[in-house]
Structures are given as structure tokens and as C-alpha cells.
Amino acid sequence: MGDLHVHSLLVTGANRGIGLELVRQFLGMPSPPAWVFAACRDPKGQRAQELQNLASKHPNLVIIPLEVTDPASIKAAAARVGEHLRGSGLNLLINNAGTAKASSLDAETLENMTQIYTTNTVGPLLLGQAFLPLLKKAAQGIPGSALNCSKAAIINMSSSAGSIEEVFLWNYGQVVSYRCSKAALNMLTKCQSLRYREHGILCAALHPGWVQTDMGGSGSQKPPVRVDESVRGMLKVLSSLSEKDTGTFLDWEGKVVPW
Ligand code: NDP
């Protein structure tokens, strides 16, 4: 396993669940990043209380307003991050924000399909585009051609629910709009890896496990994986990613997930 020495990163959907725990664990590293940008929809609201408490203790944590379905909000977030970084690049973009709606195939709607796709798939596309100049700058700042997450990377939080071969937890919930959005996110990840390799940016999709968060625990069963375990596992995976892993789909334990 390599080391993860990230100078700066941005996590979307950082006010709760996996996003908040990613922020916590990055801040708790022996040599924490100089900048942790925690993006959420309503930085001053009640739902961002835990993030606000963390920011009062960690001067390297900056809360950034971001609605991932709004292109203007994405552009404004990239501009704000750029101002803070003052000429240096962003090493790591974690597209974590996501949404799901309980639905069966029979009851799925145009509205659901569109809303979930816009959040889970179009959001990460637009974020990748908006942050590309900062990611490129980070890659240029680190000599050597090898790809890794300490240099420059886009990590898309996907799900085994989007795996066509595995069709994770079908009997637990059909959630067709969610499955389709994550299958499409996987394709986006592959496309980003092909396009951004020349800029020195690694791109990968991760499945965090079935995790005890608002989303993971919204059904009748308790998910098996604690959020701290999932994130610890994913950070270990991030630290191990190299050239050969760009354009792949891995789970929180580092195992390859079939497309
Ligand atoms: P949660 O529902 O607990 O948190 C979702 C986060 O995404 C919240 O911070 C939420 O913000 C944010 N978000 C949702 N929509 C938007 C939007 N339009 N703009 C900005 N932020 C938004 O989910 P998890 O922490 O469990 O999931 C995180 C990621 O992991 C998701 O992409 C999910 O699909 C994926 N995943 C989770 C699994 C699990 O078992 N938990 C399994 C597989 C994948 P707000 O508070 O404002 O709503």
C-alpha cells in the first residue's frame, strides 16, 4: 500500500453520512491535508451542524455551498475553491453526493429517473468539468507521470446496485432509477479515465459497501457496514490506487466489482 498525502481535496455531500465521515477521517490523518473543502447544499443550516462544529476546530476545513444539480452552483464552488488555493491545484475530487428513491420497476417515473440521473450522474460530470483546471494544475505540480490519488484524482461514489452483472440487493429494493444512474456513473468514470489520463488524473468508481447511513438504512434491514469502517477501508483503497487502477470499479475492501 502506498501513502495518501493529499494537499487539497473536495468532498461533495459532506454534511452527513459517508461524506461527513470522509471529511472527519481526512482531518484526523497524522499529516492532514492543508485544505479540506467540504461541499454541501446548506452550509449554515441545521443539517450542516456537525460540519460547522468540525470547522470551528479545524482551520484547514472550508465549507463550500454546492447544489450538484445546478451548473451555476458548481461553477461558483470551483471559483471559491480556486480563490482559497491561490494558484495551487486540487489533488482530489470525491463525487460523493447522491440520492435514491424507493421505487419498483412498475412504479418508476420520468420525474424520478430524471431527478436521480441529474444528481448521481450529471452532477459528477459537471463537477469533473468545472474542477478540471484545478486538477490539471495539481497534476502538473507533481513531477513524474505515474497516476495516483495524492497527485490528482476523481473518485466517483458508485454502488454495486449499478452493477449489471451482480445486481446487488435486487430483492431488497428494485430502485431502478438509482441502479440506472449508478450504471451510467460507472460509464462516466470510464470516459473520464480515458480523457483525463493525458492530464495525469486518475479516475475510479468506488462501492462503499452497504453502509449504516440515512440512505443505506432507509429500508427495513440494518446494513452490515459501519460508516467509519467503510471510510477507513476506502481511504486504504485510495492510498493503494495506481496507474493500473484508473478506469476501474472497486469496493471499499479493494475488490474489483464487475461492471
Ligand atoms: P446519505 O443519504 O446519508 O447522504 C447523501 C449526501 O448527498 C447528503 O450530504 C446530501 O445532502 C447529499 N446530496 C444529495 N443530493 C444532493 C444535491 N442535489 N446536491 C448536493 N448534495 C446532495 O447517503 P450516503 O452517505 O449513504 O451515500 C453517499 C454516497 O454513497 C452516495 O453517492 C450513495 O449513492 C453511495 N452509496 C451508499 C451506500 C450505502 O449503503 N449507504 C451504498 C452504495 C453507494 P443533504 O443533506 O442536503 O440532502
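Ligands are counted one by one from 1 in listed order, and the atoms in each one are counted from 1 as well. Start at 1 with the first residue, then count along the sequence. Everything numeric here is computed off the predicted structure, so don't read it as measured data.
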ask   = At what distance, to the nearest 0.5 angstrom, does CD of Q192 lie from CG of L132?
value = 9.5 Å

task = Only counting residues at least two apart or in another chain, list the ones meeting ring pair (Phe, Tyr, Trp, His ring centres under 6.0 Å) with Y196.
result = none

inquiry  = With a 4.0 Å heavy-atom cut-off, what residues sit around ligand 1?
reply    = G13, N15, R16, G17, I18, R41, R47, L66, E67, V68, T69, N96, A97, G98, T119, M157, S158, S159, Y178, K182, H207, P208, G209, W210, V211, T213, D214, M215, G216

query = Do you see a donor-acceptor pair shorter than 3.5 Å between the side chains of T189 and N156?
reply = yes

ask   = Side-chain heavy atoms under 4.5 angstrom apart, residues restricted to Ile, Leu, Val, Met, Phe, Trp, Tyr: same cluster for W252 and F249?
value = no

query = Listed by chain and number, what are the salt bridge (Lys or Arg N to Asp or Glu O under 4.0 Å) partners of D228, not counting sequence neighbours?
reply = R226, R232

key: Partner set under salt bridge (Lys or Arg N to Asp or Glu O under 4.0 Å) for E198, not counting sequence neighbours   = R195

